[in-house]
Amino acid sequence: MKTTVPGPKSLELLGAMDKIQETRTVHMFVDYQKSQGNYVVDVDGNQLLDVCGQIASNTLGYNYPDVVGALKDPENLHLLVNRPALGLAPPAEFVSLLKTSLLSVSPRGLNQVMTMMCGSCANENSIKVAFFHYKRLQREQAGIDVTDVEAESTMKNQVPGSPRLSVLSFTGAFHGRTLGCLSLTRSKPVHKLDVPAFDWPVAPFPQLRYPLEENERENRQEEDRCLEQVTDIMKVWSDRNCPVVCICVEPIQAEGGDRHASPYFFQQLQRIAKQSGALFMVDEVQTFGVTGHMWAHEAFGLDESPDIVTFAKKLQVTGAYMKDGLRPDKPYRIFNTWLGDPSKLLVASAVVKVIQRDNLLQMTRKAGEVLLAGLKELQAKYPFLSAARGAGTFCAVDCDSTLRQASLLQALLNKGAYTIGCGEKTIRLRPSLTFQPHHANIFLNIFESVLSEQSH
Ligand SMILES: Cc1ncc(COP(=O)(O)O)c(C=O)c1O
């Protein structure tokens with residue numbers, strides 16, 4: 001490290017940026033040319049171990065050769081130069097790019113995929129899919145088509161054309177910041193405040209004790225309490241004529257504070273959804289690869305695949321996988337100008353090849369074991385840390401206060417380890433999939449030196 005972070009050059013650039021944009025979220029300016037592998041280099045020449053991973057979205061580290069190679073190939077240049085409207089005029093390579101990227105890692109049983117523009121956009125359009133599906137089934141069962149009254153009333157945002165239907169999400173959930181998704185997001189008031197919202201139901205997400213394996217009995221009771229409430233909510237909202245058509249859940253609540261639930265919880269949730277005719281949607285925007293499984297829900301032993309799985313971040317492209325039969329009844333119901341970006345599919349294709357070729361899921365499991373064991377040792381030594389937890393390298397530890405969280409994060413930055421928080425007082429680790437056990441040890445050493453300074 002050459003300076004504290006942000007250093008003088010970052011501060012100068014922050015000053016210039018602040019004249020035209022919000023800067024309160026910016027940690028530093030980065031030299032992306034010099035950044036390499038798991039190390040990010042800032043404009044002041046500081047080299048930091050990156051455990052933040054661009055908010056959990058960096059897949060292989062910086063300037064990974066296979067990705068650079070794919071983008072440097074002159075044959076691929078047209079995919080970078082031209083930005084097609086994929087719903088109208090996709091490039092010749094589109095289907096094969098989908099096959100070598102998204103479809104080569106699709107969750108079992110989900111062979112339909114739509115591409116989108118960001119994680120929120122993937123969730124937003126997926127809940128529309130759920131509404132379209134519900135109404136289509138209703139019309140098919142009644143043997144009727146869309147009525148004139150529906151067509152007219154929807155133009156006034158009124159029933160029956162804009163029907164009373166709902167989506168259930170959980171306390172602490174984060175599903176994005178677009179207008180529809182905000183009604184599902186329940187992590188922090190600052191995201192939602194002042195924005196009109198749908199009156200949709202919220203169920204409690206289990207507040208489990210860690211380590212999970214030592215608290216199974218109490219945790220099971222807590223999960224049963226939450227599941228009972230889900231069942232009650234489904235009934236109450238159906239009786240109110242605003243049925244829940246989709247249950248939306250993260251496999252591990254991320255922004256809300258790295259909150260885990262057991263396979264049992266997700267199995268039961270899926271069953272409740274199925275019994276009441278709602279779709280079961282798993283938001284895997286933050287969890288691709290990083291738990292040591294391609295998809296975090298693979299660890300849950302579900303009866304069948306979820307109906308919809310959304311993705312973004314580490315896949316480099318965003319969108320949703322869904323079951324056959326969920327495709328909307330008419331074209332243009334799920335649509336926008338770009339519907340993604342084929343040059344990013346090129347990147348995704350290179351990335352998934354490397355994950356499979358180099359067994360990166362296995363490496364993530366190994367690095368995760370080192371990280372979690374190290375966090376547990378540190379929490380035993382420093383009582384202001386607690387609840388070390390994780391799956392793969394998706395690890396976290398709680399601090400005793402929000403103030404402590406902020407001061408540890410800043411001290412880590414100044415000592416060359418870059419990560420961010422989540423929830424109210426959690427430090428979360430979100431390294432790339434090329435993060436190895438030795439990187440984990442480097443992080444733990446830096447963390448230990450920060451902690452020992454703070455405890456004096
Ligand atoms: C689980 C989850 N869903 C949705 C989103 C929203 O994704 P984006 O920021 O790409 O819109 C995020 C972002 O952090 C997320 O973690």
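Count residues from 1 along the sequence. The structure displayed is predicted, hence computed values, not measured ones. For the numbers below, each heavy atom of this structure counts, side chains included, while hydrogens, waters and symmetry mates do not.
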Which atom pairs, one a donor and one an acceptor, fall under 3.5 Å between side chains of residues 347-358 and the rest of the protein, sequence neighbours left out?
unit_1	atom_1	unit_2	atom_2	d
Ser349	OG	Thr100	OG1	3.0
Gln356	NE2	Ser104	O	3.4
Arg357	NH1	Asp66	OD2	3.0

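- Considering only residues two or more places apart in sequence or on other chains, Arg186 meets the salt bridge (Lys or Arg N to Asp or Glu O under 4.0 Å) condition with none of them.
- Taking Glu150 as the reference, Arg139 meet the salt bridge (Lys or Arg N to Asp or Glu O under 4.0 Å) condition, with sequence neighbours excluded.
- For Phe288, the ring-ring contact (aromatic ring centres under 6.0 Å, His included) partners two or more places apart in sequence, or in a different chain, are Trp295.
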Throw together a table of side-chain donor-acceptor distances under 3.5 angstrom for residues 226-236, partners on residues two or more places apart or in other chains.
unit_1	atom_1	unit_2	atom_2	d
Thr231	OG1	Leu227	O	3.1
Lys235	NZ	Asp239	OD2	2.7

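- For His27, the ring-ring contact (aromatic ring centres under 6.0 Å, His included) partners are Tyr418, not counting sequence neighbours.
- Every side chain to side chain contact (heavy atoms under 4.5 Å, CB included) that Ser57 has, sequence neighbours left out, goes to Gln54, Lys313.
- Scanning for ring-ring contact (aromatic ring centres under 6.0 Å, His included) contacts around Phe335 gives Tyr332, with sequence neighbours left out.
- Annotation: salt bridge (Lys or Arg N to Asp or Glu O under 4.0 Å) contacts of Glu140 (sequence neighbours excluded): Arg136.
- Taking the ring-ring contact (aromatic ring centres under 6.0 Å, His included) definition, one finds that Phe300 meets it with Phe266, sequence neighbours left out.
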Which atom pairs, one a donor and one an acceptor, fall under 3.5 Å between side chains of residues 172-181 and the rest of the protein, sequence neighbours left out?
unit_1	atom_1	unit_2	atom_2	d
His175	ND1	Asp283	OD2	2.8
Arg177	NH2	His191	ND1	3.4
Thr178	OG1	Glu124	OE1	2.4

Ignoring hydrogens and angles, write down the donor-acceptor pairs under 3.5 Å from the side chains of residues 10-17, residues two or more places apart or on other chains.
unit_1	atom_1	unit_2	atom_2	d
Ser10	OG	Phe29	N	2.9

